[in-house]
Asks: 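Structure provided below as structure tokens; questions to follow.
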Amino acid sequence: MGVPWGLGVLQGVDLECIRGQRRLFSKLSFTVQAGEALWVSGPNGSGKTSLLRILCTLLAPESGEVRWRGRPVRELGEAYRAGLTYIGHAVAVKDDLSSLENLRFALAQDGCRVAEAALIDTLARFGLAGREELPARVLSQGQRRRVSLARLPFCADRALWILDEPLTALDVQAVELMHALITAHLVRGGVVVLTSHQPIDLKDVSVQHLRMVD
Amino acid sequence: MGVPWGLGVLQGVDLECIRGQRRLFSKLSFTVQAGEALWVSGPNGSGKTSLLRILCTLLAPESGEVRWRGRPVRELGEAYRAGLTYIGHAVAVKDDLSSLENLRFALAQDGCRVAEAALIDTLARFGLAGREELPARVLSQGQRRRVSLARLPFCADRALWILDEPLTALDVQAVELMHALITAHLVRGGVVVLTSHQPIDLKDVSVQHLRMVD
Amino acid sequence: MEAVLDATPDRRTGLLAVFSSVVQRDLLLAMRRRADVLTSFFFFIIVVSLFPLGVGPEPNTLREIAPGVVWVAALLASMLALHRLLAADYADGTLEQLVLSPKPLSLLMLGKMLAHWLVTGIPLILIAPLLGLQFDLPGPALAVMALGLLLGTPVLSMLGAIGAALTLGVRGASGLIALLVLPLYIPVLIFGAGAVSAAVSGLSVEGHLSMLAAFLLFSAVIAPWAAAAAVRIAVE
Amino acid sequence: MEAVLDATPDRRTGLLAVFSSVVQRDLLLAMRRRADVLTSFFFFIIVVSLFPLGVGPEPNTLREIAPGVVWVAALLASMLALHRLLAADYADGTLEQLVLSPKPLSLLMLGKMLAHWLVTGIPLILIAPLLGLQFDLPGPALAVMALGLLLGTPVLSMLGAIGAALTLGVRGASGLIALLVLPLYIPVLIFGAGAVSAAVSGLSVEGHLSMLAAFLLFSAVIAPWAAAAAVRIAVE
Amino acid sequence: MALNIWRFASPQVIYPIAGRMIPGFMLAAAVLALAGLYIGFFVAPTDFQQGESYRIIFIHVPAAWMSMLIYVVMAFWCAIGMIMRTRLSFMMALALAPTGALMTFIALWTGALWGKPAWGTWWVWDARLTSELILLFLYIGFLSLHAAIDDVRRADRAAGLLALVGVINVPIIYFSVQWWNTLHQGASVSLTRAPSMASTMLAGMLIMVLSAWMYSIAASLMRLRIIILEREADADWVQEQIVPIAQGAKP
Ligand code: HEM
Ligand SMILES: Nc1ncnc2c1ncn2[C@@H]1O[C@H](COP(=O)(O)OP(=O)(O)OP(=O)(O)O)[C@@H](O)[C@H]1O
Ligand SMILES: Nc1ncnc2c1ncn2[C@@H]1O[C@H](COP(=O)(O)OP(=O)(O)OP(=O)(O)O)[C@@H](O)[C@H]1O
Ligand SMILES: [Mg+2]
Ligand SMILES: [Mg+2]
């Protein structure tokens with residue numbers, strides 16, 4: 001639609017979001033380049049989650065549109081979703097499955113097949129060594145989040161990562177691992193949109209800060 | 001038994017906790033004085049939540065005991081629970097009730113009756129002004145947590161507060177409010193046990209730091 | 001800020017206040033989900049109406065099976081609502097708070113049972129005679145049916161709460177509840193349907209009804225205690 | 001650290017692989033909750049057994065109501081498992097992930113329906129003839145019953161999935177499902193039970209069975225699409 | 001006193017004692033079964049109303065009685081476990097349940113087999129039969145609930161509570177023939193019908209009942225030993241027991 005490619009990879013154009021009677025934001029526009037992160041912050045209830053859900057088409061904006069490589073994502077449809085990884089507040093981890101099975105099925109439903117060894121390896125690097133076979137029910141809060149985040153290394157080929165408070169419940173070490181993962185993704189030219197109440201500590205990459213107001 | 005009162009208000013004595021086949025901790029002892037906070041930190045899955053649940057008798061320790069004012073809490077039973085406020089990971093907020101109703105019932109089940117005006121006032125100070133009547137379902141993650149934390153000001157007469165990651169999902173302003181609440185409770189001679197991955201920033205009060213290891 | 005820090009609650013509230021706050025909260029929740037109140041009600045009506053469809057329109061057969069059908073439908077309708085009796089409270093942490101309350105847990109459980117009965121039992125009692133009419137049951141049998149339901153449905157709520165509490169957080173809970181609870185319901189079914197059948201054939205119904213009353217007393221004593229014990233086990 | 005950062009997945013998997021991963025995951029979950037698989041099964045047995053208790057032991061009456069009872073119980077057993085078909089996935093965020101999958105959502109829904117049928121339908125089909133035997137049904141009627149269930153239970157799973165999807169996140173969902181789904185089940189009930197009754201009285205069953213087959217085809221076309229649409233609405 | 005013994009009896013003490021008792025009970029069960037079946041099938045005369053088919057009573061009645069008794073005993077152990085917090089009593093209860101379910105199943109099955117010649121039908125929905133079926137469901141419910149909970153302590157106590165609540169069913173089974181008029185025999189019918197046969201029949205039946213007792217005790221003790229090993233797998237004494245066996249030493 002006339003927007004030249006050079007203007008950015010992910011664009012929000014005049015986005016407006018209304019929940020119930022409340023206008024959370026309007027005329028919200030931004031442009032994120034390849035290799036750049038968008039850190040959305042702001043007070044509780046200011047609409048960060050709503051914005052992220054709009055970006056990944058789970059929610060329709062009241063007005064305005066989201067563009068990916070210059071084209072409205074509503075038009076792109078499946079093609080857009082095929083290049084997208086969203087990890088929301090809900091961890092999508094099944095209590096009755098083990099960490100390993102949770103990860104395997106999450107990837108399989110994403111249409112990607114991974115060798116068992118790589119899965120176990122990744123879980124270990126997420127601090128779940130020796131807990132691969134435990135049902136997720138018995139894991140601690142932070143460990144459950146780690147299981148859901150362990151998908152990310154396998155999503156290197158998906159250009160856009162949208163992460164809603166990925167650092168919640170994580171300990172210091174896990175936060176560092178997440179920083180490394182995100183940095184690596186940006187370095188290889190991906191785009192990351194994330195929310196966090198803690199400051200984001202990404203070095204050597206460009207981070208755009210979007211402050212929502214109440 | 002036989003421990004003189006001077007030794008501390010809340011004591012863990014040789015606590016041991018086993019979940020599944022895994023020994024999370026053993027020989028864990030500590031003493032918290034009146035007016036002192038115990039900040040429990042440590043990596044994900046190191047047993048912080050388990051420890052807090054033991055302290056409030058939701059979980060029985062494998063061995064060892066918890067003492068309150070020198071007496072084992074198992075013996076104290078209701079008398080102990082009558083002086084205790086626990087806010088866990090689960091927020092105990094009903095999606096279908098409004099913030100106001102949620103707060104009112106939480107307090108009523110605690111056996112305390114509060115004037116409507118005080119409730120609305122408190123909710124406003126927790127940043128929920130104008131949202132008292134919204135069903136909790138539509139609230140943001142942080143706002144739901146605020147509703148569950150809004151109980152605390154009314155628990156001033158309960159000596160022991162046990163809070164599991166009370167700062168999760170809260171924005172900067174709410175974190176400050178929590179710090180103020182906790183400080184006030186300590187100043188009036190209460191005891192606070194809390195976990196947090198973020199550093200606890202309490203001034204002018206004594207904070208004991210318990211580092212769990214994996 | 002100060003006002004927040006020294007709100008002073010009135011803690012001289014008694015047992016009854018806490019009990020009624022539990023009942024009130026559950027009733028309010030049920031009203032909020034208005035669909036829910038109507039549902040066990042409609043479920044009851046639909047199940048009862050399904051039978052003539054499956055069995056065929058022969059009036060004698062219908063009159064014969066009516067007591068059984070109505071009671072089985074009541075059992076199932078009551079059971080259907082069991083899952084939400086405690087599971088939601090368990091998932092969102094409310095149950096932990098109840099366990100930590102200094103008031104006796106069994107009393108709070110009784111409150112939840114009462115709310116469940118008010119929401120699921122009462123509508124059944126009111127509509128059942130109407131449905132019985134469609135099965136061509138005579139007047140006295142209808143009265144006996146209503147009376148039997150009045151005595152029997154609280155038992156269903158109370159026994160059901162035990163099953164719901166036992167299966168909290170258990171894999172496949174909603175199914176397991178059925179497995180645990182339906183067998184316990186059977187005596188109520190036998191005497192409840194038996195009373196109606198006896199009334200249809202003009203026999204004395206006193207024996208049946210007094211058995212139901214005995215069940216009611218018995219479960220009023222046992223169930224709150226057992227449910228509280230089960231909840232404590234589950235929360236640990 | 002490096003290895004984590006460049007794990008390379010194989011993304012050339014086709015539709016079928018994703019479909020079967022959905023089915024497999026649901027089956028695995030069902031196996032984990034072993035109780036669950038057994039439960040709709042036991043529920044079926046218990047409900048079928050409840051009726052004679054309420055109705056009385058008269059063999060002729062029993063034979064007459066048997067087809068209706070078995071089919072109503074099958075309906076209810078199938079419905080009981082519906083709540084867990086999508087609700088858990090909705091609550092924990094799995095459903096969002098399915099919606100965001102580049103593969104067609106209706107296909108994924110079909111996978112979930114298939115898993116539901118394998119877990120709840122198949123056991124019913126296997127046990128129903130045995131229960132029919134206890135109701136003193138003749139051999140040919142038993143065969144017809146099994147065949148009818150084979151055609152009818154997938155329809156129950158498919159229609160049920162629509163109901164489950166429509167009620168996602170709705171207050172009081174488990175009850176509302178019953179309300180939405182049971183009326184849709186009625187045609188299946190009528191023709192399913194009708195086939196057995198016809199077989200008992202020695203009439204031709206072809207008409208009934210071919211109606212069931214038609215329902216099956218029809219819902220195989222409509223249901224996955226409708227369920228997918230409903231899920232999209234719910235997730236928004 | 002007996003309670004005290006159980007209270008302080010640790011699994012470690014019971015394990016070898018049970019091992020020593022099992023052969024005796026098994027032997028007694030076998031001998032009594034042989035004797036009982038001999039009396040039942042060769043000594044006891046033919047019933048003049050029912051012919052030979054009544055002989056199924058020698059299996060049916062002991063199994064039916066055991067099914068109820070075992071449930072009561074199981075509930076008793078659960079109660080002890082809940083009150084005294086003894087691990088062993090829950091293990092006893094869990095060890096009893098499958099035998100109880102088996103006995104219930106046998107009672108149902110033999111009853112059905114008997115029903116065909118006696119009443120002309122395999123099954124009727126009569127109160128006695130149905131409440132016995134409920135008993136089977138209660139056993140299954142107990143075992144399923146236990147299996148559905150991972151944490152053993154929690155599983156024990158939850159299933160134990162269920163067992164206690166379900167105990168109400170036992171008197172219902174027992175008195176059902178008095179409370180409802182049913183097809184099933186009342187307690188004394190078959191014995192008074194032909195007084196001359198009563199003594200041999202009674203003897204055969206009682207011997208079979210004893211045999212069922214012996215078998216149930218032996219089978220539960222065997223299961224108990226396995227449960228003890230499973231649950232105490234980490235304990236030193238189990239390691240000492242198991243490791244030598246694994247290395248080929250005599251137990
Ligand atoms: C599946 C069907 C049946 C079941 C579930 C069943 C169940 C039971 C039970 C639980 C008992 C022990 C209760 C007591 O001692 O009072 C019992 C005893 C007995 N049953 Fe059955 N029964 C069945 C069929 C039959 C049939 C067909 C007959 C014979 C026609 C029969 C004859 C007896 C007799 C004679 C006793 C002993 C009563 C006594 O002396 O105390 N049963 N049965
Ligand atoms: N029906 C409604 N009526 C009024 N307000 C609503 C309605 N639905 C949602 N809201 C408001 O919309 C906002 C949703 O915010 P969102 O979840 O996007 O916030 P957030 O920035 O992610 O907050 P947090 O930091 O707490 O996660 C909340 O303020 C909520 O109160
Ligand atoms: N059945 C089991 N088998 C093995 N390990 C178990 C079992 N149940 C629980 N655990 C372990 O016990 C620990 C529970 O930890 P807990 O929830 O107390 O951690 P936490 O310190 O609160 O962590 P977080 O920071 O993530 O909240 C986890 O490491 C979990 O893996
Ligand atoms: Mg948010
Ligand atoms: Mg924790």
Asks: Between chain A and each of B:Ser140, B:Gly45, B:Ser50, count heavy-atom pairs under 4.5 Å; write down the option with the most.
Replies: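 Sorted descending by pairs with chain A, the first entry is B:Gly45.
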
Asks: Just checking heavy atoms, which of residues 15-27 of chain A are less than 4.5 Å from chain B?
Replies: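 Listed by number: A:Arg22.
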
Asks: Partners of A:Lys48 by salt bridge (Lys or Arg N to Asp or Glu O under 4.0 Å), sequence neighbours excluded?
Replies: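 Listed in chain order: nothing, the list is empty.
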
Asks: Taking all heavy atoms of B:Leu170 and all of A:Asn44, pick out the closest pair and write down the distance.
Replies: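 Heavy atoms of B:Leu170 and A:Asn44 come nearest at CA-OD1, 3.6 Å.
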
Asks: To the nearest 0.5 Å, what is the distance between OG on A:Ser46 and CG on B:Asp171?
Replies: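 Reported value, rounded in 0.5 Å steps: 8.0 Å.
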
Asks: By number, which residues in residues 197-205 of chain A have some heavy atom less than 4.5 Å away from chain B?
Replies: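 Residues in range: A:His197, A:Gln198.
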
Asks: Please report, to 0.1 Å, the donor-acceptor pairs under 3.5 Å made by any side chain of residues 126-134 of chain B, with sequence neighbours excluded.
Replies:
{"residue": "B:Glu132", "atom": "OE1", "partner": "B:Gly130", "partner atom": "N", "Å": "3.2"}
{"residue": "B:Glu132", "atom": "OE2", "partner": "B:Gly130", "partner atom": "N", "Å": "3.4"}

Asks: Take a 6.0 Å sphere around CD of B:Gln173 and say whether it holds more than 12 heavy atoms from other residues, nucleotides or ligands.
Replies: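 No, not enclosed.
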
Asks: Heavy atoms only, distances under 4.5 angstrom: which of B:Gln143, B:Glu165, B:Arg145 has the most pairs with chain A? Name it, please.
Replies: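 Between B:Gln143, B:Glu165, B:Arg145, the count favours B:Gln143.
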
